[in-house]
Structure formats: C-alpha cells, structure tokens
Amino acid sequence: MNLSDLDRRITGCRACPRLVDWREEVARTKRAAFADWTYWGRPVPGFGPADASLLIIGLAPAAHGANRTGRMFTGDRSGDVLYEALYDIGLASQPTAVSADDGLELYGVRITSPVRCAPPANKPTPEERDTCRPWLVEELALLRPTLKAVVVLGAFGWQAALPAFAAAGRQVPRPRPAFGHGAQVSLDGLELFGCFHVSQRNTFTGKLTPAMLRDVLRTAAGAAGLPTVP
C-alpha cells in the first residue's frame, strides 16, 4: 500500500457516528458565504508529497474549511496563517490555500491531522481521537523512509501524536514529554517539535505570531534537511 491508497481509504471512513452526522450536516446546510460550494463533507486525507521529510500535524478539519474544500488547512483562517508561513520560508509554492485545485504545492512537507473529520465545536472526543489513530499510524509508517522531522500544532495534537509514533515503531520517552511551544524531542532519528496551534484564538491574541511560527517551521525544516529562505 502507498499513501494514495491510504488517502482513498481514509475518505471512505464512517467509524464515528457523531462525526459522520456532523460533517454531513455541515455539508448540507453550509455557511451563507459558501452557499454556491459543493462541500467535501468526508474525512480529509493528508496533503503533500509521499517522500516528505517534514510532517506537520494539526488537530482536525475545520467545518467550513477542509470539510468544505477537502484539503488540510485549506479555506480557513488557520490555513491562511500556516500556508503563508510555509511560503515565506520557501516550503510552499504560494501563500494562499483556497481550494483543492488552486495549484498549491508543498516542497518536502506533508500536512495531516490525528482526527480526519470536522468535529462539533472543534472538539473531538478522546474516543473519536483513538478510533482515528490507526490512520495516522499507517501514514507515519509509510512516511518512515524519508521522514526526519515533525511539527505538532497544539497540545491536543501532541497528546494524540505520541501514541501514534509509539504504535508506528518509534521509541517514545517515558514519561511522555510535555507539550510546549518550541519543545523539541528526539524519537530515535526523528526530531519532534511543538508549536502553538494556528487557531484564530492564538493568532488574534498574539499568543502565536507569524514570526514565532516561522521560527519553529524553519528550525524543523533544518532538522529535516530542507533548504529555507531567510
């Protein structure tokens, strides 16, 4: 199996009834600003090259972002911040992400999440997180030949990712390392970095600034062997 096969399997998942009901209800009712869109309304696969050396792990698709567009961090304010930062340091072909066919390319970077469906109030349950974990485990296993560094956005993603790394065969320290912005942990050849999530709450209040985000991404890119621009 390759990543394309995995992505196709992910988009057909119906394992969590609450998430299935919510994502499909949002796709039917829509938001007024997107009334003319045909929403994706399914689980969202990862985005980026199959030989990525840097992985970015978020939380879950946004109801009117990736649940609408079908691509991670595309079509919402969080994605606006993330993709602009990737573009600024030379890891994306353009600073905006508005639809799955807008021509955006990532250079050596893949973006994924531990929960693949948009959850009500942006809060998946622990059970939904755990049910979704095997998808991330498989993705990590398929990326293993090239993956050198990972940036995890937010504490929820951090808590979800560490068991996935362990299940994928990485040695995770005990006790498990705590999340923090700028945290760095070595997992037998893989460098793991923590970063505050690019949520509107964090970016509007200044808890996470564009410069802070670029610094973490640039450091992680260096660990992944990817060239960046100053």
Side-chain angles (χ1 to χ4, degrees), residues 44-115 118 122 136 139 143 146-158 160-161 179-185 190-230:
V44 181
F47 169 57
D51 60 350
S53 57
L54 173 61
L55 182 67
I56 298 173
I57 300 177
L59 168 58
H64 300 281
N67 189 57
R68 171 173 58 91
T69 63
R71 193 175 69 191
M72 286 289 176
F73 280 105
T74 298
D76 60 43
R77 293 289 182 86
S78 295
D80 292 344
V81 174
L82 177 60
Y83 285 115
E84 183 173 13
L86 289 169
Y87 174 79
D88 286 345
I89 66 172
L91 297 181
S93 62
Q94 60 193 46
T96 57
V98 296
S99 69
D101 58 358
D102 61 10
L104 174 65
E105 293 183 61
L106 298 180
Y107 306 134
V109 181
R110 185 171 172 88
I111 300 177
T112 193
S113 66
V115 176
N122 292 321
L136 181 58
E139 193 168 17
L143 288 168
T146 58
L147 191 62
K148 297 179 180 177
V150 179
V151 173
V152 181
L153 301 174
F156 181 97
W158 186 270
F179 171 78
H181 182 80
Q184 181 174 355
V185 179
L190 183 72
E191 294 301 309
L192 180 65
F193 298 86
C195 180
F196 290 142
H197 196 278
V198 288
S199 66
Q200 291 187 53
R201 176 180 298 177
N202 288 341
T203 57
F204 283 7
T205 62
K207 183 177 182 179
L208 178 67
T209 66
M212 292 167 63
L213 177 58
R214 287 194 300 268
D215 284 347
V216 172
L217 292 175
R218 188 176 280 113
T219 301
L226 295 174
T228 59
V229 298

(message) Using the ring pair (Phe, Tyr, Trp, His ring centres under 6.0 Å) criterion, which residues pair with Phe193? Sequence neighbours excluded.
(response) none
(request) Report the residues that fulfil ring pair (Phe, Tyr, Trp, His ring centres under 6.0 Å) with Phe179, sequence neighbours left out, ordered by chain and then residue number. (result) Trp158
(request) Determine whether Arg110 and Leu143 make a side-chain contact, defined as any pair of heavy atoms from C-beta on separated by less than 4.5 Å. (result) yes
(request) Compare every heavy atom of Met212 with every heavy atom of Lys207, then report the nearest pair and how far apart it is. (result)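 Residues Lys207 and Met212, closest heavy atoms: O-CE, 3.1 Å.
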(message) For a quick test of reading the model, state the closest non-hydrogen atom pair linking Val151 to Ala220 and the distance between them.
(response) CG2-CB, 3.4 Å
(message) Listing request: all side chain to side chain donor-acceptor pair (under 3.5 Å) pairs with a residue in residues 213-225, at least two apart in sequence or in separate chains.
(response) none
Taking only distance into account, with no hydrogens and no angle test, what donor-acceptor pairs under 3.5 Å do side-chain atoms of residues 83-91 form with protein atoms, sequence neighbours excluded?
unit_1	atom_1	unit_2	atom_2	d
Tyr83	OH	Met72	O	2.7

(request) Using modelled atom types only, decide if a donor and an acceptor are shared between the side chain of Ser78 and the backbone of Val198 within a distance under 3.5 Å. (result) yes
(message) So does Leu208 get a backbone contact from the side chain of Asn202, meaning a donor-acceptor N/O pair under 3.5 Å?
(response)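 Side chain of Asn202 to backbone of Leu208: no pair is present.
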(message) Evaluate Phe47 against Thr74 for side chain to side chain contact (heavy atoms under 4.5 Å, CB included), listing each step before the verdict.
(response) CA-CA 10 Å; Phe47 169 57; Thr74 298; 5.6 Å; no
All N/O donor-acceptor pairs, side-chain side in residues 98-109, below 3.5 Å, sequence neighbours left out:
unit_1	atom_1	unit_2	atom_2	d
Ser99	OG	Asp101	OD1	2.7
Asp102	OD1	Arg71	NH1	3.1
Asp102	OD1	Arg71	NH2	3.0
Asp102	OD1	Leu104	N	3.0
Asp102	OD2	Arg71	NH2	2.9
Asp102	OD2	Val98	N	2.9
Asp102	OD2	Ser99	N	3.4

Review item, side-chain donor-acceptor pairs of residues 49-67, under 3.5 Å, at least two apart:
unit_1	atom_1	unit_2	atom_2	d
Ser53	OG	Ala224	O	3.2
His64	ND1	Tyr39	OH	2.8
Asn67	ND2	Arg23	O	3.3
Asn67	ND2	Ala63	O	3.3

